[in-house]
Amino acid sequence: MSLTTFARHAILLACALTAPGLAGAQSYAPEYFVQFQAGTAMEMVSRLPGFVFDGGNPSRGSAGNVLINGKRPTSKTEPLGDLLGRIPKIGVERIDVINGGASGIDMQGFASVANLILKPMDLVSASATASSSVMPDGSLEPSLEGSYSLKRGDKNLNLALGWRRSPDFSQGEGRRTTLYTAPTPIAEVAIKGAGISDNKSLKLTYGQDVMDGQLTWNGGLAPWSYQSQIRNDGATPSLNFNNNTGRTLEQGLAYSRELAPGASMDLRALYRTADIATDSASGPDSSASHGRSTSTASEKVLAGELSWQALDGVVIRGGLERAVTANDNSNTSQVNAQASAVPTGSAWVQESRVEGQLSSAWQVDSSLSAEAGVKIEHSSLSTSASQTDGKAYVYPKPRLRVSLSPSPALQLRLRLEREISQINFGDAAAYFGIGDKALRAGVPDLVAAKTWLCEGALEYRFWERGLATLSYTQAHISDLIDRMPIRTANATYDVAGNVGEASADNITGMLNLPTDSWSLPQGQLKLSTTWRSSSVTDATTLAPRRLSGEQPMAWRVEFSQDLPQQRTAWGFSVDNGWSNDSWQVAERDTSSGSAWARAFVNYRPASNLMVTLELNNLASRVITYDRAHYAGGDRLAGGVDFVEHNSTRTQPFAMLRVRRDW
């Protein structure tokens, strides 16, 4: 790029930052998406100017930032992107993008929310998708998906079937090197691994009007399996393999209706179970030793919410939710094929939670909105190893969010909120499973971590699709859960426990830059980066360190371009992978993965037919795992007795997908 061209682009960008932008609520009709050849609601959402789709994490109770007719989906097993991908463009009346807040819309903590408004019309649609991963050795791993939707009057039916086979792309060929501090030769082992997952799914949703309201039922069944094997070709060759199977079953019921002008009611019930059976084995031949475990988890939720528009621009919400989650796990071991299986432990954990909430959202005018509220959570944890009934805790969770738009293009946001973590069932079971009850009695019960969050964000919108954001988040954490030692005269135990207070700071920047003026019409360049810093006192050494699992720096570059005349869209993305540390009582582990690069081409030979070619892992990601182990099983008392370095190079692969809509 010449200096003159660079200067021209810099001037254009500077002019954009002083031009009017988009703020408040903006509506987009289906006609707007013709230029992008969008055929589904998901493709429309992904082309919204300045909007970044977030599917949330339904299994953890985190909703996404897309609503359907002002409501969030009730299912916890279906990704939001899959649901939107089954809604044809013809059934969409418009999409409203709300920035900062709007009367009657629960933003759920998101800066921007897209509200998908469906047409009140009869509609029949269906789709079928066939795809396959193409591996470097030429092998194929096929997948099939299909969906059917019927809408007649106030009744609607949705059916989705899926079968997906996917290789474990983290497996490959590499080496493990172990260096000992004692006079022991370096040990080197060649590693070769492969894995495959098989997932099936059946999802059904039915809804109709009942008693002046809308009643919706959803059900889902998802059996799955995963098999892998890793061969170690060292001085003593060995083979490790895993055979895991399971299934998830869900049923949900939701009812919503208007009670009076400006007042509405939403009721929800959910029952979900998950069964998992694992069989891991290692050894040189059929005499391999086995470790087996079975786990059954369940979740029951009853929730209700009332919403009332008290004044113009003021919405008050109140609600109550009751949730009971449980996990029952048992383990056995088998020394060899001829020996009998021996029980090695079992644990049962149950959490009961009741949460009430009251909040008020105030849309002062087009430039200022605020939301204030409080949730009160009553939680108790019971285990099979508890000496007494589980203790109960009450956690208040206040929140305040303010959004100010001093100009149509600029928006400032402030968020102050208290969050309560969910205790991992595995941590709770392992902690309460300590055999020495007298020892366990001397340590406080494991409690949820509490976090005070303060976030400030600046967002600027320019041109039609340009967006620049910068945010800073500061977190103060109390009762952080991490690994901690319990020392006795004879042994040191490594358990999950509350290790004290911690602090964390995040700075996130994002730039969505249209490239129309760069001779790349209908193109979009997206740059994003996050910097993280944290501090906690290590429970083993009492020295300061960063939080376990935290990645100090992450960045991503994406580009996509729509070419309507050629019926084609193409793009690529590159990220810097990951790198993080974790600290246990006896060792420090570092996990990292190098950059991941992806490129794709979409071609539409017809309006209802899409052919996609993806090239993934173009940089052949290298995954490393470093383990520094300390003598005596205690990082405080002992020095490093050996260091283990594992390095695996993964292979590029292609994906070919064909979708047909009716």
Side-chain angles (χ1 to χ4, degrees), residues 39-40 42-43 46 55 77-88 125-149 158-173 192-204 220-230 241-249 276-277 567-573 596-618 620-621 648 650-662:
T40 67
M42 185 64 229
E43 293 174 356
S46 64
T77 59
E78 182 169 31
L80 180 58
D82 291 354
L83 177 61
L84 297 175
R86 296 202 303 269
I87 301 176
S125 64
S127 68
T129 302
S131 61
S132 179
S133 298
V134 184
M135 306 310 294
D137 60 1
S139 61
L140 303 178
E141 298 295 346
S143 298
L144 295 172
E145 297 177 69
S147 68
Y148 174 80
S149 297
N158 294 278
L159 174 65
L161 299 171
W163 171 60
R164 301 178 184 178
R165 283 179 60 86
S166 176
D168 185 348
F169 301 116
S170 67
Q171 302 281 9
E173 297 186 19
K192 184 176 182 179
I196 188 75
S197 62
D198 187 293
N199 298 270
K200 303 177 180 67
S201 62
L202 167 63
K203 299 170 184 176
L204 180 64
L221 175 63
W224 59 270
S225 66
Y226 171 78
Q227 294 179 329
S228 69
Q229 62 178 21
I230 301 176
F241 66 89
N242 290 279
N243 184 11
N244 304 336
T245 59
R247 70 165 192 171
T248 300
L249 176 66
I276 302 174
R567 299 180 178 179
T568 302
W570 72 281
F572 65 86
S573 64
W596 182 277
R598 167 184 174 267
F600 73 92
V601 176
N602 293 335
Y603 175 62
R604 284 190 179 275
S607 60
N608 61 348
L609 185 63
M610 169 81 81
V611 180
T612 300
L613 174 63
E614 291 184 13
L615 302 178
N616 290 281
N617 196 20
L618 295 175
S620 297
R621 168 172 282 173
T648 302
T650 60
Q651 297 299 312
F653 65 95
M655 170 74 78
L656 182 63
R657 182 168 56 248
V658 179
R659 170 171 172 147
R660 175 73 156 84
D661 298 313
W662 290 271

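Here, residue 1 is the first one in the sequence, and each next residue gets the next number. Every value quoted in this text rests on a predicted model; they were computed, and no experiment measured them.
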How long is the span from the [atom1] atom in [X] to the [atom2] atom in [Y], to the nearest 0.5 Å?
X      : Y      : atom1 : atom2 : result
Leu618 : Phe572 : CG    : CZ    : 11.5 Å
Met42  : Leu80  : CE    : CG    : 7.5 Å
Ile196 : Gln227 : CD1   : CD    : 9.0 Å
Lys192 : Gln229 : NZ    : CD    : 9.5 Å
Ser201 : Glu145 : OG    : CD    : 7.0 Å
Ser125 : Tyr148 : OG    : OH    : 8.5 Å

Do the non-hydrogen side-chain atoms of [X] and [Y] ever get within less than 4.5 Å of each other?
X      : Y      : result
Arg657 : Met610 : no
Ser225 : Asp198 : yes
Leu615 : Val601 : no
Gln171 : Thr648 : no
Arg659 : Thr40  : yes
Trp224 : Ile276 : yes
Phe600 : Ser573 : no
Asn617 : Trp596 : yes

Q: Kindly indicate, with the supporting measurements, whether the criterion side chain to side chain contact (heavy atoms under 4.5 Å, CB included) is fulfilled by Leu159 and Leu202.
A: CA-CA 8 Å; Leu159 174 65; Leu202 167 63; 3.7 Å; yes
Any donor-acceptor pair under 3.5 Å linking the side chain of [X] with the backbone of [Y]?
X      : Y      : value
Asn608 : Asp661 : yes
Thr650 : Arg621 : yes
Ser132 : Leu656 : no
Arg567 : Pro605 : yes

Q. Is it true that atom CZ of Arg604 has more than 12 heavy atoms of other residues, nucleotides or ligands lying nearer than 6.0 Å?
A. yes
Q) Looking only at side chains, do Ser228 and Asp168 share a donor and an acceptor under 3.5 Å apart? A) no
Q | Test side chain to side chain contact (heavy atoms under 4.5 Å, CB included) applied to Leu161 and Leu144, step by step | A | CA-CA 8 Å; Leu161 299 171; Leu144 295 172; over 6 Å; no
Q: Search all heavy atoms of Pro652 against all heavy atoms of Pro136 and return the closest pair with its distance.
A: O-CG, 3.0 Å
Q.
Testing the basics here: between Ser197 and Tyr226, what is the closest heavy-atom pair and its distance to 0.1 Å?
A. CB-CD1, 4.0 Å
Q.
Go through it in stages, so that I can follow the logic: the residues are Leu140 and Val134, the test is side chain to side chain contact (heavy atoms under 4.5 Å, CB included), and I'd like the CA-CA distance, side-chain angles, deciding distance and then a yes or no.
A. CA-CA 5 Å; Leu140 303 178; Val134 184; 3.7 Å; yes
